[in-house]
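Computed over heavy atoms, backbone and side chain alike; hydrogens, waters and symmetry mates excluded. Treat the numbers as computed from the prediction; the structure is a model and nothing was measured.
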Amino acid sequence: MGGSAPRRAGHLPVETTSFVDRRGEQAAGRELLSRARLVTLTGPGGVGKTRLAARIAARAERTFPDGVRFVHLAGLRDPELVPLAVADALGLHDHSAGPPADALVAHVRDRKVLLVLDNCEHLLRACARLAAALLRGTTGVRILATSRHRLGLTEENLLDVRPLPVPDPDGDLSAADGYPALALFADRAAAVVPGFALTADNRAAVARLCRRLDGLPLAIELAAVRMRVLGVEQLLERLDDRYRLLTSGSPAALPRHRTLRAAVDWSHELCTAREQLVWARLSVPAGGFDLETAEAVCADGDLVHGADVLDAIAGLVDKSVLSREPGPDGVRYRLLDTLRHYGLERLRATGGEELATRRRHRDWMLRRATACEQAWFGPGQREIVARLRADQDNLRAALDFSLRGAGGALIVSGPGGAFGAGAVMAAGREGVTPTPADALAGLRLAGILWFYWHACGAPREGRYWAERALEANPEPTSERARGLWVAGLLAGCPEDLTRGLRRAEEARELARGLGDAAEAAHAEYVIGVIRLFADDLCAALAHFEAGVARGPVPGQHLSLVGLDQVELACALGFLGQADRAVEVCEKTLRLCEEHGEEWVRSYALRMLALAHTVKQDWPRAEQYAREALRLKLAVNDLIGLALTLDLAARIATERSAHERAAVLLGGADRAWAAVDQGRWGSEALNSLRRDTESRAGRALGATAFTAAYDRGAALTLPELVGHALQEPGLPDVTPPAPDRPQVRLTPREAQVAELVAEGLANQQIADRLVIARRTAEGHVERILNKLGFHTRTQIATWVTAQR
């Protein structure tokens, strides 16, 4: 329970507690995956499906050259978000206007990838539809799902995940140490009672206890925590009392559901009243959360104060109700899905408590998003992105509560929910009715997150929330004006430009009518960008000249002030006015440097490269393109990276580096494929690319061009940028020899490498992982030795390449 800490979107969880091997199930799962394209691990809650799936996927990873992607679905309630969550895990920055499943199929059509869909039971229909589309539209995609119920597809192969086997307590226990249930209990008990081990004196009692718990891993772990204050015999005696109470209730519950209910009920009763209330309130956050979020959600100034929350969390971690995991800002916490549903059940039993808790959660996410937007044009952009990605499920939960309200239900086909209580797991909440004020708060949150949707590669999801929020808020408000231009901005594909322009113009007129100069200026920016994409260069030039001449208005976001200047420079460059474009870009760079900003700065650098390309000043053009590439990789701006690689390839052809240009073109197409299946942007941009490809092809010949292009298409983006920068210490782009052994880091080394990639020093790594500094230093040294590196920068680059 709680043994895996989530990594960045799509990657396998890092195990933070030992895993008691299920060798038979692991082997069976790998064998099924070798011959079937859809394997579903089924079983009751608390049986360990997620951990087993992660293990099977990790063991099968090397057979999937395009990677393994893990999709956490427990925090989702809206079926429409399932394909968006999968796109996020696959790194698809989808801007297309068609069905999201179509974009996913096109993205992985020629790839060999394993997709792990975790916790499908509350979204069965959506998961089944998506799985069917992927299986029937591709040849190399395989899916490993975990669910309490089957997906119901003809291609599906089931692996029933059973509780851990337990020996007969009255039989021969001489080999009992080899039973996973007993090993799990001993491992978790030793964590709270140092030195605890299975002995001839306690084996029978432990076996009896594990049998009483039906071998369910979650139930065993919850019981083992009690070893802090009770002996094994006392545990068994009290658990017998608990069962007698439980079996006097409904006879309809299945035995294993009763077992799990008994274990969870018992853990709940051993909590203090405040811990019980905090447990219930913490069932509202989705996914993981940090201490600030817990305090904002749980503290009501009446029953729970802010200072009480930390103590309650410490008690819940101590009782294994909450798991502790690393996060971008320090420690985060997580409720296992089964325990979250239990807490939600308790919360709903308190009348109006749930509505108040959900509003506190939504209001906190609104405050956090507002603070991030206010700080966005500054030096902390990478940290802001990491924080919002960690809170992505919480943002979705806050938006969903506000915009759909709490009246719906998620239908789960099959006989049981989390505790066998029926086929309907209410995602909605009885008696909870959000008001128009809640809907307006949802619109405000969707609008505030414009920079996250736009800059961080989530345009499809941003459009989804913006349109839902606009539909729920037809009244003429400043929030609606912002929602309109955000929806227009995110309609960044050719087939949606007309709709985007209409939304932006509607936003401008509404903002003007309300006297909101800032939102009107924001809408003007979107109108100009769409004109630029539509190749109306003269109109775009006049539009941005007027905006820049007007200057910033009070309340206008500095990022959009800078982007006004960047787009003006773009129009100037394409119309041949390179000197003016350079002048505008240099002004933008001064603004960015004054605030320590990187994202807009990377676009200004790219425009300087474009302006010097127009001037045929190739050394300067190459210098600025390199600087732009470095920054765009750092801030993970995939569209900007693709555009700049196209430009760098053009500069390479002008410097007669045709093979290098072909490599960059292949890599640029790889980057574009992660945006959508067709290039978008202005014809001026695309004609530049076509001309570059024609030049390099003529210079190299078809065979040499194709070889270099394919080599670039096979590189990871960090390797590609290293090739473009041509700097020592960056990844070698020469493909490894086929017999070169693959480097494998231990789970702890992988954690440390991730933290090195985040820029943490050894002491910060030690603090994050709660280990000694010397231990952290030892891990870093071993990673360097294993990988054959000499610097931490090389580790960071390697980690990015592995992603």
For [X] and [Y], indicate whether the former's side chain and the latter's backbone hold a donor-acceptor pair under 3.5 Å.
{"X": "H557", "Y": "S559", "value": "yes"}
{"X": "R332", "Y": "A390", "value": "yes"}
{"X": "W376", "Y": "I384", "value": "no"}
{"X": "H93", "Y": "D637", "value": "no"}
{"X": "R360", "Y": "D300", "value": "no"}
{"X": "D393", "Y": "L76", "value": "no"}
{"X": "E506", "Y": "L510", "value": "no"}
{"X": "E325", "Y": "G327", "value": "no"}

Value rounded to 0.5 Å, distance of [atom1] in [X] from [atom2] in [Y]:
{"X": "L303", "Y": "R281", "atom1": "CG", "atom2": "CZ", "answer": "5.5 Å"}
{"X": "L608", "Y": "R601", "atom1": "CG", "atom2": "CZ", "answer": "10.0 Å"}
{"X": "D536", "Y": "R531", "atom1": "CG", "atom2": "CZ", "answer": "7.0 Å"}
{"X": "L440", "Y": "L445", "atom1": "CG", "atom2": "CG", "answer": "11.5 Å"}
{"X": "D337", "Y": "R340", "atom1": "CG", "atom2": "CZ", "answer": "5.0 Å"}
{"X": "R362", "Y": "R367", "atom1": "CZ", "atom2": "CZ", "answer": "10.5 Å"}

Item checked: W450 and H522 aromatic centres sub-6.0 Å ->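 No, too far apart.
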Check: Parallel under 30°, tilted from 30 to 60°, perpendicular over 60°: which one fits the rings of H72 and F70?
Finding: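 Geometry flag for F70 against H72: tilted rings.
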Item checked: Whether F289 and Y333 hold their rings parallel, tilted or perpendicular, with breakpoints at 30° and 60° -> tilted
Could you check if a side-chain atom of [X] sits within less than 4.5 angstrom of a side-chain atom of [Y], using non-hydrogen atoms only?
{"X": "C456", "Y": "L388", "value": "no"}
{"X": "V584", "Y": "F544", "value": "no"}
{"X": "E567", "Y": "H543", "value": "no"}
{"X": "L489", "Y": "W453", "value": "no"}
{"X": "D78", "Y": "Y464", "value": "yes"}
{"X": "Q392", "Y": "Y452", "value": "yes"}
{"X": "L484", "Y": "L470", "value": "yes"}
{"X": "L631", "Y": "R606", "value": "no"}

Where is the tightest heavy-atom contact between [X] and [Y], given as atom of each residue plus distance?
{"X": "N473", "Y": "P436", "answer": "OD1-O, 4.4 Å"}
{"X": "V566", "Y": "T588", "answer": "CG2-CG2, 4.0 Å"}
{"X": "A491", "Y": "L497", "answer": "O-CD2, 4.0 Å"}
{"X": "G343", "Y": "S283", "answer": "C-OG, 3.5 Å"}
{"X": "L282", "Y": "L335", "answer": "O-CD1, 3.4 Å"}
{"X": "D564", "Y": "Q556", "answer": "OD2-NE2, 3.6 Å"}

Next item on the list: Pick out which of V309, D308, I313 makes a side-chain contact (heavy atoms from CB on, under 4.5 Å) with C298.
Entry: V309
Margin query: Out of the candidates V486, L490, L399, only one should pair with W465 under the side-chain contact (heavy atoms from CB on, under 4.5 Å) rule; please name it.
Written below: L399
Basic-acidic side-chain contact under 4.0 Å: [X], [Y]:
{"X": "E509", "Y": "R512", "value": "yes"}
{"X": "R404", "Y": "D400", "value": "yes"}
{"X": "E475", "Y": "R480", "value": "no"}
{"X": "D290", "Y": "R368", "value": "yes"}
{"X": "E467", "Y": "R499", "value": "yes"}
{"X": "R389", "Y": "D88", "value": "yes"}

Item checked: Heavy atoms from other residues, nucleotides or ligands near CD of E471 exceed 12 (cutoff 6.0 Å) ->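 Counting neighbours around CD of E471, 12 or fewer heavy atoms of other residues, nucleotides or ligands fall under 6.0 Å, so no.
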Margin query: W672 vs L643, test: side chain to side chain contact (heavy atoms under 4.5 Å, CB included). Steps then yes/no.
Written below: CA-CA 9 Å; W672 278 115; L643 289 167; 3.6 Å; yes
Next item on the list: I would like to know whether T357 and H361 meet side chain to side chain contact (heavy atoms under 4.5 Å, CB included); could you show each step before the answer?
Entry: CA-CA 6 Å; T357 305; H361 175 255; 5.7 Å; no
Note to self: If you apply the rule side chain to side chain contact (heavy atoms under 4.5 Å, CB included), what do you find for V71 with V82, and how did you get there?
What the structure shows: CA-CA 9 Å; V71 187; V82 171; over 6 Å; no
Note to self: Enumerate the salt bridge (Lys or Arg N to Asp or Glu O under 4.0 Å) contacts for residues 440-457, please, sequence neighbours excluded, ordered by first and then second residue.
What the structure shows: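 Residue pairs passing salt bridge (Lys or Arg N to Asp or Glu O under 4.0 Å), neighbours aside: R444-E479.
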Checklist line | side chain to side chain contact (heavy atoms under 4.5 Å, CB included) evaluation trace for C372 with F451 | finding: CA-CA 9 Å; C372 288; F451 68 97; 3.9 Å; yes
Checklist line | Partner set under salt bridge (Lys or Arg N to Asp or Glu O under 4.0 Å) for E627, not counting sequence neighbours | finding: none
